[in-house]
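Contents: one structure, followed by commentary.
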Amino acid sequence: MRNIAIFASGSGTNAENFARYFAHDDAVRISLVLSNRAAAGVHDRMKAFGIPSMTFSNESFQKGEEILKVLEEYHIDYIVLAGFMNKISEPLLKVFPDRIVNIHPALLPKFGGRGMYGMHVHEAVVAAKEKETGITIHYINEHYDEGTIIFQATCQVTPEDDAESVAQKVHALEYEYYPQVVRKLLVR
């Protein structure tokens, strides 16, 4: 059994999607959710699945020791970022090399980097009059959105699309592919 920890900062829709996907999986289990926000909706979503969730300060995430201790207690093999809005600290990168995965709501290397997240990305895609966008699942390294790309999926952007409609298309890709790709990484 491979154990995943999900890091999330927001409402937790991607974390919930993972929880549903792996609910009856014999090879992969979501063992823990960590957040940097006590008020994050992800905590309530995980209760329904019986998945423990904890909140740590941004400082704890940056220092890493306390987080690493908890990850060790839960025998975590892989970390999945699902709307986690902090940069991953060096201590975590050292202990989990090529075992921290993120999803970005665009086709990297386009529309990546510091400040490019959520609706900011979709607004930039529409403003640039892109004909397609999508998702990029990638490993995390010390630079924003520059880790090795694992998988990309695309969707069309039409002249009628606005940032909100692009976001809906991208979310559909996230929900479809993110858990599948993570499972393939863990179960080879």
Side-chain angles (χ1 to χ4, degrees), residues 1-10 12-23 25-35 42 61 64 67-68 71 74-118 120-122 124-125 130-157 166-188:
M1 178 70 70
R2 305 298 298 268
N3 294 305
I4 294 175
I6 294 178
F7 288 13
S9 296
T13 56
N14 262 321
E16 182 177 16
N17 187 45
F18 268 86
R20 281 197 176 100
Y21 187 87
F22 289 113
D25 195 299
D26 293 333
V28 179
R29 173 179 49 218
I30 300 169
S31 299
L32 176 66
V33 172
L34 299 181
S35 181
V42 70
F61 275 105
I67 304 298
L68 287 168
L71 295 174
Y74 280 82
H75 308 287
I76 299 302
D77 300 300
Y78 234 74
I79 297 170
V80 174
L81 306 184
F84 187 66
M85 300 317 253
N86 276 10
K87 189 172 182 184
I88 300 299
S89 65
E90 188 175 324
L92 288 170
L93 289 171
K94 281 185 177 178
V95 175
F96 288 90
D98 292 331
R99 292 189 294 141
I100 305 174
V101 179
N102 186 42
I103 190 164
H104 185 76
L107 300 172
L108 292 174
K110 287 183 171 184
F111 307 105
R114 187 177 183 91
M116 291 303 283
Y117 60 90
H120 298 292
V121 174
H122 307 309
V125 166
E130 292 290 317
K131 300 220 182 308
E132 71 175 7
T133 190
I135 59 167
T136 302
I137 299 169
H138 63 99
Y139 288 114
I140 292 295
N141 65 16
E142 64 276 4
H143 304 288
Y144 285 109
D145 301 327
E146 292 183 15
T148 303
I149 293 173
I150 301 164
F151 175 85
Q152 291 183 311
T154 63
C155 59
Q156 298 298 30
V157 179
V166 170
Q168 290 173 359
K169 292 177 183 182
V170 170
H171 285 308
L173 293 174
E174 290 176 3
Y175 299 152
E176 180 179 355
Y177 290 109
Y178 200 15
Q180 290 178 36
V181 171
V182 168
R183 190 178 196 287
K184 286 178 185 175
L185 291 171
L186 290 167
V187 182
R188 296 178 191 190

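For Val170 against Cys155, the heavy-atom pair with the smallest separation is CG2-SG, 4.3 Å. Asp25 and Met1 get closest at one heavy-atom pair: O-CE, 4.0 Å. Shown here for Gly64 and Pro91, the closest heavy-atom pair between the two residues is CA-CB, 4.3 Å. Minimum interatomic distance between Ile103 and Glu174 (heavy atoms only, all atoms of both residues): CD1-CG, 3.6 Å. Taking both residues in full, the closest heavy atoms of Thr133 and Ala106 are given as OG1-CA, 3.8 Å, listed atom of the first, atom of the second, then distance. Between Gln156 and Glu132 the shortest heavy-atom distance is OE1-CB, 3.6 Å.
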Exercise. Given the rule in the side chain to side chain contact (heavy atoms under 4.5 Å, CB included) test, do Ile4 and Leu186 qualify, once you have shown the distances and angles that lead to the verdict?
Worked result: CA-CA 9 Å; Ile4 294 175; Leu186 290 167; 3.7 Å; yes

Problem set entry | Verdict with supporting geometry, Tyr21 and Val182, side chain to side chain contact (heavy atoms under 4.5 Å, CB included) | CA-CA 11 Å; Tyr21 187 87; Val182 168; over 6 Å; no

Exercise. Do Leu34 and Phe61 pass the side chain to side chain contact (heavy atoms under 4.5 Å, CB included) test, and can you show the C-alpha distance, the side-chain angles, and the key distance before you say yes or no?
Worked result: CA-CA 10 Å; Leu34 299 181; Phe61 275 105; 4.0 Å; yes

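The CD1 atom of Ile76 sits 12.0 Å away from atom CD1 of Ile100, with the distance rounded to the nearest 0.5 Å. Expressed to the nearest 0.5 Å, how far CG of Leu108 lies from OG1 of Thr148 amounts to 11.5 Å. Interatomic distance, NZ of Lys87 versus NE2 of His143, reported as 7.0 Å (0.5 Å rounding). Taken from CD1 in Ile135 to OH in Tyr177, the straight-line distance is 7.5 Å, to the nearest 0.5 Å. Note that CD of Glu16 is 10.5 Å distant from CD1 of Ile30, once rounded to the nearest 0.5 Å. The distance from atom CD1 of Ile6 to atom OH of Tyr78, rounded to the nearest 0.5 Å, is 14.0 Å.
Phe96 places none of its side-chain heavy atoms less than 4.5 Å from the side chain of Ile88. With contacts defined as side-chain heavy-atom distances shorter than 4.5 Å, the pair Phe18/Val80 qualifies. Residues Asp145 and Pro109 have side chains not in contact (no heavy-atom distance under 4.5 Å, counting atoms from C-beta outward). For the pair Tyr144 and Met116, the minimum side-chain heavy-atom distance is 4.5 Å or more. Looking at heavy atoms from C-beta onward, His120 lies out of side-chain contact with Phe111 at the 4.5 angstrom threshold. Annotation: side chain of Asn102 is not in contact with side chain of Phe84 (no heavy-atom distance under 4.5 Å). No side-chain heavy atom of Asn86 sits under 4.5 Å from any side-chain heavy atom of Phe7. Looking at heavy atoms from C-beta onward, Leu71 lies in side-chain contact with Ile79 at the 4.5 angstrom threshold.
Of the residues His104, Lys110, Gln152, the one that meets the side chain to side chain donor-acceptor pair (under 3.5 Å) test with Thr136 is Gln152.
Judged by distance alone, with hydrogens and angles left aside, the side-chain atoms of Ser31 form no donor-acceptor pair with the main-chain N or O of Asn3 at under 3.5 Å. No donor-acceptor pair under 3.5 Å is formed between the side chain of Asn14 and the backbone N or O of Ala82. Panel note: side chain Ser35, backbone Ala8; a donor-acceptor pair is recorded below 3.5 Å.
A donor and an acceptor atom, one from each side chain of Gln168 and His171, are nowhere located under 3.5 Å apart.
Taking a 6.0 Å sphere around CD of Gln180, one finds it holds more than 12 heavy atoms contributed by other residues, nucleotides or ligands.
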